[in-house]
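Below: one structure, written as C-alpha cells.
Each ligand, and each atom within it, is numbered from 1 in the order the structure gives. Here the structure is a predicted model, which is why all the values come from computation and not from measurement.
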Amino acid sequence: MERPPLGPAGIVVDLAAIRANTRLLRATAGVSLIAVVKADGYGHGMVESALAAQSGGAEWLATATIEEALALRAAGVEGPVLCWITTPTSDYAAAADAGIDVSAYSGEELDEMAAALQGRAEPARIQLKVDTGLSRGGAPRAAWDELFTRAQQGESAGLWRVSGIWSHFACADEPGHPANDRQERAFRDALALAEERGLRPELRHLANSAAAILRPSARFDAVRCGIALYGLDPAPGEATGIGLEPAMTVTAPLLMVKDLAPGDGVSYGHRWVAEQPTTVGLVPVGYGDGIPRHASRPGAPDAAATVGIDGKPRPIRGTVCMDQVVVDLEGDRPPVGSEVVVLGPPSAGGPTAQDWAEACGTINYEIVTRIGGRMSRRYVDSETGADA
Ligand SMILES: *Cc1c(COP(=O)(O)O)cnc(C)c1O
C-alpha cells in the first residue's frame with residue numbers, strides 16, 4: 001500500500017481571513033482601525049498580518065515594543081505605527097526617524113525622550129497613555145496634569161507633536177462590568193484636562209477588539225483591534241458573532257496507530273491508563289510547538305483537549321510531551337499519514353483555539369500566540385487562491 005507523503009506539522013495562515021476580518025471590524029466600528037500585530041501578530045506572523053490588515057483597510061498598525069515597530073519598518077511596512085512599551089534604553093531617535101508614534105506614560109519618560117530628540121529638524125510624534133483603571137501602563141490620574149503639561153511644553157518647544165491620547169480597558173470582554181463605564185468616564189475626564197492644557201491630539205482611542213464590537217460609545221477616533229483581526233472571539237459568550245473567520249490552521253500527519261491492552265499506561269507518568277482495548281495514534285506536536293502541556297488533564301478525560309481526524313474529535317490521552325501527543329482513536333484505524341487538524345476554524349474539522357482555551361483553562365489569545373516553536377508557517381490566500 002502506498003503511504004501518502006508525510007510532511008511535518010505546520011501552521012497555515014489565511015491572509016484573506018485577516019483581510020476580511022479587518023474590513024468587517026472597520027465597517028462595524030466606523031472609525032479608524034489600529035491593527036495590533038504585536039507578539040508576531042498573535043502567532044500569525046507580524047509583517048504578513050500587518051500587510052493583510054492594511055489591505056483590508058486598517059489605517060494604523062500597533063505593536064507593543066519599539067523594536068517590533070522598527071522590525072515592521074525594516075521589512076518595508078509603511079503607514080502610521082504606534083507602540084507602547086519602552087524602556088530607558090529605547091532608541092527614541094530611531095523611532096522618530098522611522099515615523100513611529102511612541103507612547104509616553106510619565107514625565108520622566110518625556111524627559112528621556114526630550115534628551116534623545118534634542119536638536120532634530122522635525123518634531124517626533126508621541127502619544128500619551130493614561131491609566132483609567134487597568135492599573136497597568138499609563139499615567140495614573142494624579143499624574144495626568146503633569147504628563148499633559150510637560151507634553152504640551154515639549155510640543156511648544158518643537159520636540160514632538162502629541163498625536164494621540166489613549167487608554168485601555170480592563171474588562172471589555174464583560175460588557176456589563178461596572179469598570180467599563182468608570183473607565184470611559186475617566187477617559188473623557190483625561191481628554192478634557194488635556195484640552196485645557198492646550199493639547200489637540202487627532203487620535204483619541206480606548207477600545208480593544210471587545211469594546212470595538214460591544215461598546216459603541218468607546219470608539220472615539222479609532223479602535224485598537226488585535227484578536228478579532230485573527231478571527232477569534234474577544235468575548236466568548238457575549239454574542240460577538242459578527243462573522244469573524246479564524247485565520248490560523250495547524251495540521252500534522254498521523255505518524256503511527258497502535259493497539260493498547262487494558263492496563264497499558266500512556267505517555268510520561270502513565271497519567272492515563274487504558275481501561276479497555278484501545279486504539280491510539282501518535283501526532284508529532286507538543287509543547288515545543290506551543291501545544292499547552294496544560295491540555296494534559298488527568299482525571300478529567302471528558303474535558304480532554306482533542307484534535308480532529310476525519311472530522312472527528314480525538315481526545316488527547318496522557319501527558320502532552322515536548323514533541324508529540326497520543327490521541328484516542330476510539331476504535332478507528334485511520335491510515336498513517338492522515339491529516340490531523342490540531343487547531344483551526346470550525347470548517348477545518350478540528351478544535352478551535354477557543355476549544356483549546358477551554359480545555360486548558362486559558363483564553364484563545366494565549367493559545368494562538370504561543371503556537372509556533374519549530375513549526376513552519378505558510379501563508380495562503382483563500383480569496384485569490386495564492387499559496388505563498
Ligand atoms: C494587545 C492590546 C490591544 C489589542 O487587544 P485585543 O483584545 O487583542 O483586541 C489593544 N490595546 C493594547 C494596549 C494592547 O496591549
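The nearest protein atom to atom 9 (O) of ligand 1, hydrogens excluded, is given as Ser209 OG, 2.5 Å; this is a heavy-atom distance. Regarding atom 11 (N) of ligand 1, its nearest protein heavy-atom neighbour is Arg224 NE, 2.8 Å. The closest protein non-hydrogen atom to atom 8 (O) of ligand 1 is Tyr42 OH, 2.5 Å. Summary of contacts: the protein heavy atom closest to atom 7 (O) of ligand 1 is Tyr365 OH, 2.6 Å. Looking from atom 2 (C) of ligand 1 to the surrounding protein, the closest heavy atom is Lys38 NZ, 2.5 Å.
In terms of N/O distances under 3.5 Å, ligand 1 is approached by Gly226. Taking any N or O of Ala210, backbone or side chain, none lies under 3.5 Å from an N or O belonging to ligand 1.
For the side chain to side chain contact (heavy atoms under 4.5 Å, CB included) with His205, the lone residue among Val31, Ile34, Ile165 that qualifies is Ile34.
His168 and Arg224 are linked by a side-chain donor-acceptor pair at a separation below 3.5 angstrom, with hydrogens and angles left out of the test.
Other residues, nucleotides and ligands contribute over 12 non-hydrogen atoms within 6.0 Å of the CD atom of Glu330. Within 6.0 Å of CZ in Arg370 there are 12 or fewer heavy atoms belonging to other residues, nucleotides or ligands.
The ligand atoms of ligand 1 that sit less than 4.0 angstrom from a heavy atom of Cys225 are 9 (O). Listed by atom number, the atoms of ligand 1 under 4.0 Å from Ile227 heavy atoms are 6 (P), 8 (O), 9 (O).
Under the 4.0 Å criterion applied to side-chain N and carboxylate O atoms, Arg333 and Asp259 are assigned as salt-bridge partners. Salt-bridge check for Glu155 with Arg200: failed, with every basic side-chain N at 4.0 Å or more from each acidic carboxylate O. Ionic pairing of Glu245 and Arg19 is not present here: no N-O contact between side-chain nitrogen and carboxylate oxygen is shorter than 4.0 angstrom.
In His205, neither the side chain nor the backbone holds a heavy atom less than 4.0 Å from any atom of ligand 1. With a 4.0 Å cut-off on non-hydrogen atoms, Trp166 touches ligand 1 through its side chain and not its backbone. When heavy-atom distances to ligand 1 are checked against a 4.0 Å cut-off, Pro234 has no atom that comes that close, whether in backbone or side chain.
Residues near Val273 contribute nothing to a hydrophobic cluster around it, because no ILVMFWY side-chain heavy atom sits closer than 4.5 Å to its side chain.
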